[in-house]
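Comments concern the structure below.
Hydrogens, waters and symmetry mates are skipped; everything else that's a heavy atom, side chains included, is used. Quick caveat, the model's predicted, so the values are computed rather than measured. We name chains A, B, ... by the order of the sequence lines, and we start the count at 1 in each one.
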Number of protein chains: 2
Amino acid sequence: MKIIPMDQSTLPTLDPLIEHIRKKVSLSPEEVRETLLSFKLKNIKKRQFIIQPDFVATHRNYVLKGSFRAYVVDSKGQEYTIQLAIEDWWISDYNSYIFQQPATMFVVALEDSEVAQIDYSREQYLKRYSPTFETFFRIMAERSTAFQQRRLIANLTQTAEERYHHFLEQYPRLVQRIPQYALASYLGMTTEFISRLRNQKKKAKS
Amino acid sequence: MKIIPMDQSTLPTLDPLIEHIRKKVSLSPEEVRETLLSFKLKNIKKRQFIIQPDFVATHRNYVLKGSFRAYVVDSKGQEYTIQLAIEDWWISDYNSYIFQQPATMFVVALEDSEVAQIDYSREQYLKRYSPTFETFFRIMAERSTAFQQRRLIANLTQTAEERYHHFLEQYPRLVQRIPQYALASYLGMTTEFISRLRNQKKKAKS
DNA sequence: CATATTTCTTGATCTGGTTCATTTTTCTCC
DNA sequence: GGAGAAAAATGAACCAGATCAAGAAATATG
């Protein structure tokens with residue numbers, strides 16, 4: 001019943017999710033049970049979309065394996081990466097999910113991936129079921145705000161080159177795994193520009 | 001329906017705050033009482049700082065009257081406006097407040113103002129006192145995330161001119177009240193550039 | 001109400017990063 | 001493992017918006 005396409009693999013479990021939640025709030029056995037009942041495992045193939053514009057984002061996604069990119073596309077077809085996610089991160093179109101309105105973003109798998117999904121109504125149920133979940137989602141939202149604010153500040157105050165280097169320092173692992181165009185559009189610059197930065201570095205090294 | 005001119009003033013009350021909270025959650029009489037006990041009214045003179053770098057932001061501030069600007073200053077002395085707030089908005093350095101760490105921002109009054117302040121430990125108490133408050137702050141944080149994401153997308157996808165015009169459409173009232181340099185650094189452009197945009201418009205009109 | 005300070009305007013010049021076009025490298029999948 | 005597709009690199013020309021400088025308007029303050 002479980003099809004595990006990748007070469008070597010662990011049996012997929014929700015353990016990392018429970019761990020993740022327990023870093024923020026303490027869960028009773030019943031709360032753990034409710035959590036396990038609320039989230040569904042899902043395998044997502046590389047290049048597969050889990051959210052698309054005009055459809056309501058019905059789920060919040062916790063990445064168990066793989067990586068994702070959330071992006072918007074402007075009228076000229078230009079893509080802008082809004083969020084990136086690897087293991088132990090969450091991803092969705094929050095404007096769509098929170099307000100249950102049509103999405104404006106695409107969210108696509110960059111690798112063969114596995115996510116734990118909770119749907120909107122089940123999340124509401126969880127929060128009613130126990131204030132612990134209310135607290136958990138409150139903490140998530142707060143951190144998310146704080147994170148976005150730091151990103152906004154970086155975008156306003158730093159040059160393209162500084163943003164690139166700081167990202168490299170902060171997320172060296174992530175950089176290895178995502179394509180250059182995803183990184184470029186996340187940092188608000190062109191792939192050509194990143195390419196030049198990398199090349200300059202090579203030159204300087206030798 | 002009540003237009004209150006700048007000079008003479010009404011007796012300050014927390015009524016607008018209670019109204020504000022009740023738009024998001026329903027409050028029992030006891031919860032109203034706890035709210036009233038938790039928030040303190042404070043008068044802030046124009047140019048007065050309520051948050052400064054290196055000091056922990058001890059309060060969350062709800063604006064009852066007046067306006068505020070939150071900004072960071074880079075090594076070259078350049079200022080970048082991170083947040084603006086008028087009546088019925090909240091303002092703080094959230095990275096500082098949420099994590100109770102030293103602030104990186106200044107928050108300054110742009111006009112003679114009045115705020116309702118709650119301090120960090122009292123907020124924690126409120127959330128323990130009733131899950132309603134947990135819910136309220138969760139909703140606040142979620143909307144804040146959604147708002148910031150929209151701003152980030154605007155910054156990534158739009159030209160300086162587009163950002164200026166969209167801001168004008170969305171917040172015509174706000175624009176009247178804040179100095180040009182505050183708007184410019186909020187939108188990520190120079191005051192010179194805004195000045196030119198305004199001038200071009202005048203030309204086109206006549 | 002006069003003067004000092006802050007904010008806004010205007011012109012000239014400059015530049016970080018884009019755009020466009022082409023080539024090279026790296027994936028992907030039968 | 002080889003053809004086709006996707007991603008990255010490279011060069012040349014360009015431009016949106018910044019920077020610098022200096023004056024004009026608006027606000028604050030004694």
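Rounded to an integer number of Å, the gap from A:Leu183 CG to D:dA8 C1' is 13 Å. When rounded to the nearest whole Å, the span between CZ of B:Arg198 and P of D:dA25 equals 17 Å. Atom-to-atom, CD of B:Glu111 to C1' of D:dT27 comes out at 14 Å; the value is rounded to the nearest Å. In this structure, the CZ atom of B:Arg177 is 21 Å from the P atom of D:dA26, given to the nearest Å. The separation between B:Arg69 atom CZ and C:dT6 atom P is 14 Å, rounded to whole Å. Atom-to-atom, CZ of A:Arg163 to C1' of C:dT18 comes out at 13 Å; the value is rounded to the nearest Å. If you take CG of B:Asp112 and C1' of D:dT27, they are 14 Å apart, rounded to a whole angstrom. Between the CG atom of B:Leu197 and the C1' atom of D:dA18 there is a distance of 13 Å, given to the nearest Å.
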*Going through the distances and angles, do A:Tyr97 and A:Glu123 end up as a side-chain hydrogen bond (donor to acceptor under 3.5 Å, both in side chains)?*
CA-CA 11 Å; A:Tyr97 183 74; A:Glu123 181 178 316; 2.6 Å; yes
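B:Lys46 comes within contact range of the sugar-phosphate backbone alone, with a heavy-atom separation under 4.0 Å but no base atom that close. Note on B:Glu162: nothing from the nucleic acid sits closer than 4.0 angstrom, heavy atoms only.
Between the side chain of B:Arg196 and the base of D:dT19, a donor-acceptor pair under 3.5 Å is found.
Classification of the B:Tyr71-B:Phe49 ring pair by plane angle, with boundaries at 30° and 60°, yields tilted.
For residues 165-191 of chain A, the salt bridge (Lys or Arg N to Asp or Glu O under 4.0 Å) pairs, not counting sequence neighbours, are A:Glu87-A:Arg177, A:Glu111-A:Arg177.
The stretch residues 185-195 of chain A comes close to DNA chain D through A:Glu192, A:Ser195, each having a heavy atom under 4.0 Å from the strand.
Between A:Arg138 and A:Glu142 there is a salt bridge, since a side-chain N of the basic residue sits under 4.0 Å from a carboxylate O of the acidic one. Ion pair A:Lys127/A:Glu134 not flagged as a salt bridge, since none of the NZ, NE, NH1 or NH2 atoms sits closer than 4.0 Å to an Asp/Glu carboxylate oxygen.
Taking only side-chain nitrogens and oxygens, A:Gln78 comes nearer than 4.0 Å to OP1 or OP2 of C:dT19. Here A:Arg47 reaches the OP1 or OP2 of C:dT28: one of its side-chain N or O atoms lies under 4.0 Å away. For B:Gln180 and C:dT9, the shortest distance from a side-chain N or O to OP1 or OP2 is below 4.0 Å.
Picking from D:dA7, C:dT28, C:dT10 the nucleotide with the shortest atom distance to the side chain of A:Tyr181 gives D:dA7.
The backbone N or O of A:Phe167 lies less than 3.5 Å from no partner atom in the side chain of A:Gln170, so there is not a single donor-acceptor pair. The backbone N or O of A:Ile153 lies less than 3.5 Å from a partner atom in the side chain of A:Thr157, making a donor-acceptor pair. For A:Ser144 (side chain) and A:Met140 (main-chain N/O), no donor-acceptor pair under 3.5 Å exists by modelled atom type.
For the helix from C:dC1-D:dG30 to C:dC30-D:dG1, the axis fitted to the five pairs at one end and the axis fitted to the five pairs at the other end meet at an angle of 60° (nearest 10 degrees).
Stacking of A:Arg122 on the aromatic ring of A:Phe39 is not recorded, the 6.0 Å distance cut-off and the 45° axial limit not both being met. A cation-pi arrangement is absent between B:Arg22 and B:Phe136, since the terminal nitrogen or guanidinium carbon is not both under 6.0 Å from the aromatic centre and inside a 45° cone about the axis.
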